[in-house]
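Side-chain atoms are counted along with the backbone in the values below, which use heavy atoms only and exclude waters and symmetry mates. In listed order, ligands and their atoms are each counted from 1.
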Amino acid sequence: MGRLFLSSPHMSGNEQKYIQEAFDLNWVAPLGNNVDGFEQEIASYNSVNGAAVVTSGTAAIHLALRHLNVESGDTVLCSSLTFVASANPILYQGANPILIDSEMDTWNMSPNALSRALEDAKTNGKLPKAVIIVNLYGQSARIEELMNICDSYGVPVIEDAAESLGSEYKGRKSGTFGMYGIFSFNGNKIITTSGGGALVSNEEEILNKARFLATQARDSAVHYQHSEIGYNYRMSNIVAGIGRAQLEVLDKRVEQRRSVFKRYHEAFSSIPGIKFQPELPDTKSNRWLTALTIDPNQTGISRHDIIDRLAEDNIEARPVWKPMHLQPLFDGVAYYPHEERNSVSDYLFEYGLCLPSGSNMSEKEQERVIGIINTLLNK
Ligand SMILES: *Cc1c(COP(=O)(O)O)cnc(C)c1O
């Protein structure tokens with residue numbers, strides 16, 4: 001049997017049409033009709049003023065930090081429980097990250113920990129240049145509370161919605177709350193362009209500056225003239241064509257992922273010791289990955305038993321992201337746990353598990369996964 005992935009690309013069938021158009025126009029380059037179209041469609045889907053599409057979600061975060069003039073000696077707050085791409089751009093700028101713990105209700109940034117970090121920063125006379133808030137596995141953080149806290153200190157927010165495209169918080173799309181929102185179209189995300197990302201904002205000036213920096217920061221002169229450091233981060237017209245076709249089916253993908261979650265939930269939610277990542281009231285998660293915790297004291301098995309047993313059947317399952325404050329890369333970096341003696345992300349990392357969640361996984365394939373886990377649970 002073929003390998004069953006955590007999350008694999010799921011094409012709509014329309015991708016070739018947009019790519020063909022680009023070939024017909026000989027617009028096999030960065031910029032072009034697909035780039036413009038994709039940007040407008042992303043903006044319209046999320047009800048924001050605009051989007052700048054780039055080569056990756058990481059690049060989009062980097063551009064947001066550049067726009068804020070984050071530089072050596074500055075600090076930036078960031079969710080600790082995330083993929084390293086959220087925090088790496090802080091290091092690209094030579095700035096100092098401060099890592100913030102999660103809370104149990106969303107698995108995302110703890111308002112408690114954030115408040116303590118900002119209060120300390122204020123006391124020390126050095127507020128951070130930005131706060132990067134991650135929406136893990138599709139679930140929105142307590143974004144209103146977090147925004148209010150950041151606003152009260154006047155610190156701008158970059159919303160890392162790489163995993164939460166299509167999710168909602170009180171009816172509003174995830175990724176549209178901060179001054180900057182970022183999405184990823186990497187191969188494992190809910191929709192993919194094979195690789196790519198977007199920066200969204202309501203401010204035209206931000207998007208124009210991001211596009212400028214993403215095309216080598218070229219001054220307006222016929223000769224090539226440059227006054228600041230730029231990057232080659234712009235999305236190509238071919239890649240954007242894939243994105244346009246993928247965006248057409250995003251809502252369908254959200255429903256499919258939610259169905260996958262629902263089937264896992266029906267199978268395991270009544271088992272003592274198994275807890276699924278909660279969906280906060282008034283939010284809708286795209287359930288990019290179904291994530292849960294397994295308490296071995298109650299279930300008799302650990303998440304590693306499940307990962308190893310599934311691997312024997314060529315099925316990919318993985319632990320929850322290893323928090324940044326536990327990574328060798330961030331050794332010695334300041335960290336604010338949820339409560340003085342309670343680090344929630346340590347718990348989630350120790351017991352958390354992500355199950356195969358692709359929208360293209362058949363019910364039969366999912367039953368195979370559920371069956372193997374049931375056998376381990378002696379059910
Ligand atoms: C995937 C991901 C990114 C980065 O996206 P790329 O397009 O792979 O650069 C950033 N943050 C989180 C939380 C992600 O999962």
Side-chain angles (χ1 to χ4, degrees), residues 5-9 38 42 51-66 76-92 97 99-102 106-109 130-141 143 146 157-167 174-175 177-178 180-200 210 214 231-236 239-240 242-243 246-247 257 277 285-291 318-325 327 329-330 345 348-349 352 354 357-358:
F5 292 97
L6 211 54
S7 178
S8 71
F38 192 31
I42 291 168
V53 290
V54 291
T55 46
S56 71
T58 313
I61 299 171
H62 191 196
L63 291 170
L65 294 179
R66 267 300 304 272
V76 174
L77 271 47
C78 183
S79 304
S80 187
L81 187 61
T82 185
F83 178 53
V84 70
S86 307
N88 263 339
I90 305 170
L91 303 183
Y92 299 169
L99 300 166
I100 311 294
D101 196 13
S102 298
T106 57
W107 293 21
N108 288 311
M109 191 179 278
V131 178
I132 301 173
I133 299 174
V134 178
N135 303 307
L136 212 61
Y137 302 130
Q139 172 58 49
S140 174
I143 197 73
L146 296 170
V157 167
I158 300 167
E159 206 185 344
D160 180 348
E163 302 177 3
S164 65
L165 177 62
S167 300
S174 184
F177 289 81
Y180 314 80
I182 81 99
F183 297 117
S184 166
F185 312 114
N186 194 30
N188 61 346
K189 297 300 195 310
I190 191 158
I191 61 168
T192 183
T193 58
S194 73
L199 178 70
V200 296
Y231 313 94
N232 185 1
Y233 276 173
R234 209 62 168 117
M235 182 180 276
S236 93
V239 162
I242 304 174
Q246 286 276 288
L247 198 60
R257 298 242 179 193
Q277 181 185 24
S285 171
N286 68 14
R287 294 294 186 190
W288 171 56
L289 294 185
T290 292
R318 281 185 190 271
V320 158
W321 297 124
K322 179 170 185 168
M324 293 305 113
H325 72 275
Q327 298 282 357
L329 178 63
F330 295 100
S345 57
L348 293 172
F349 174 57
C354 296
S357 307

Participant: What's the shortest heavy-atom distance between Val54 and Ala59, and which atoms?
Facilitator: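 Shortest heavy-atom separation between Val54 and Ala59 comes out as CG2-CB, 4.2 Å.
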
Participant: Please state whether Ser86 comes within less than 4.0 angstrom of ligand 1, counting heavy atoms only.
Facilitator: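 Flag set, Ser86 near ligand 1.
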
Participant: Distance check, rounded to the nearest 0.5 Å: Asn135 atom CG versus Thr82 atom OG1?
Facilitator: 9.5 Å

Participant: Looking only at protein heavy atoms, which one is nearest to atom 15 (O) of ligand 1, and how far off is it?
Facilitator: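 That would be Glu163 OE2, 2.5 Å.
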
Participant: Between Thr82 and ligand 1, which part of the residue brings a heavy atom under 4.0 Å of the ligand: side chain, backbone, both or neither?
Facilitator: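 Within the 4.0 Å criterion, Thr82 contacts ligand 1 through side-chain atoms alone.
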
Participant: Side-chain contact test, heavy atoms from C-beta onward, threshold under 4.5 Å: evaluate it for Ile132 versus Val76 and give yes or no.
Facilitator: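 Yes, side chains in contact.
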
Participant: Using the ring of each side chain (for Trp, its six-membered ring), is Trp321 parallel, tilted or perpendicular to Tyr137, with breaks at 30° and 60°?
Facilitator: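 It falls in the parallel class, under 30°.
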
Participant: What protein heavy atom sits nearest atom 1 (C) of ligand 1, and how far off is it?
Facilitator: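 In this structure, atom 1 (C) of ligand 1 has Lys189 NZ, 1.6 Å as its nearest protein heavy atom.
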
Participant: Could you tell me if Ser345 and Asp101 have a donor-acceptor pair between their side chains, going purely by distance under 3.5 Å?
Facilitator: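 Distance-only check passes for Asp101 and Ser345.
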
Participant: State the atoms of ligand 1, each with its element, that fall below the 4.0 Å cut-off from a heavy-atom position in Thr58.
Facilitator: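 Near Thr58, meaning under 4.0 Å from one of its heavy atoms, ligand 1 has 4 (C), 5 (O), 6 (P), 9 (O).
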
Participant: So between Ser56, Gly187, Gly195, Ala162, whose heavy atom ends up nearest atom 3 (C) of ligand 1?
Facilitator: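 The residue whose heavy atom sits nearest atom 3 (C) of ligand 1 is Ala162.
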
Participant: So, 4.0 Å and heavy atoms of Gly196: is ligand 1 close enough to count as a contact?
Facilitator: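 Yes.
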
Participant: Could you list which atoms of ligand 1 come closer than 4.0 Å to a heavy atom of Ala85?
Facilitator: 3 (C), 4 (C), 10 (C)

Participant: Taking 4.0 angstrom as the limit and counting only heavy atoms of Ser184, give me the atoms of ligand 1 inside it, by number and element.
Facilitator: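 Those of ligand 1 that fall under 4.0 Å from Ser184 are 1 (C), 5 (O), 6 (P), 7 (O), 8 (O).
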
Participant: Is it true that Tyr92 and Tyr231 have ring centroids separated by less than 6.0 Å?
Facilitator: no

Participant: Judged on heavy-atom distance to atom 10 (C) of ligand 1, which of Leu289, Thr193, Asp160 sits nearest?
Facilitator: Asp160

Participant: Say you draw a straight line from CD1 of Ile158 to NE2 of His62; how long is it, rounded to the nearest 0.5 Å?
Facilitator: 10.5 Å

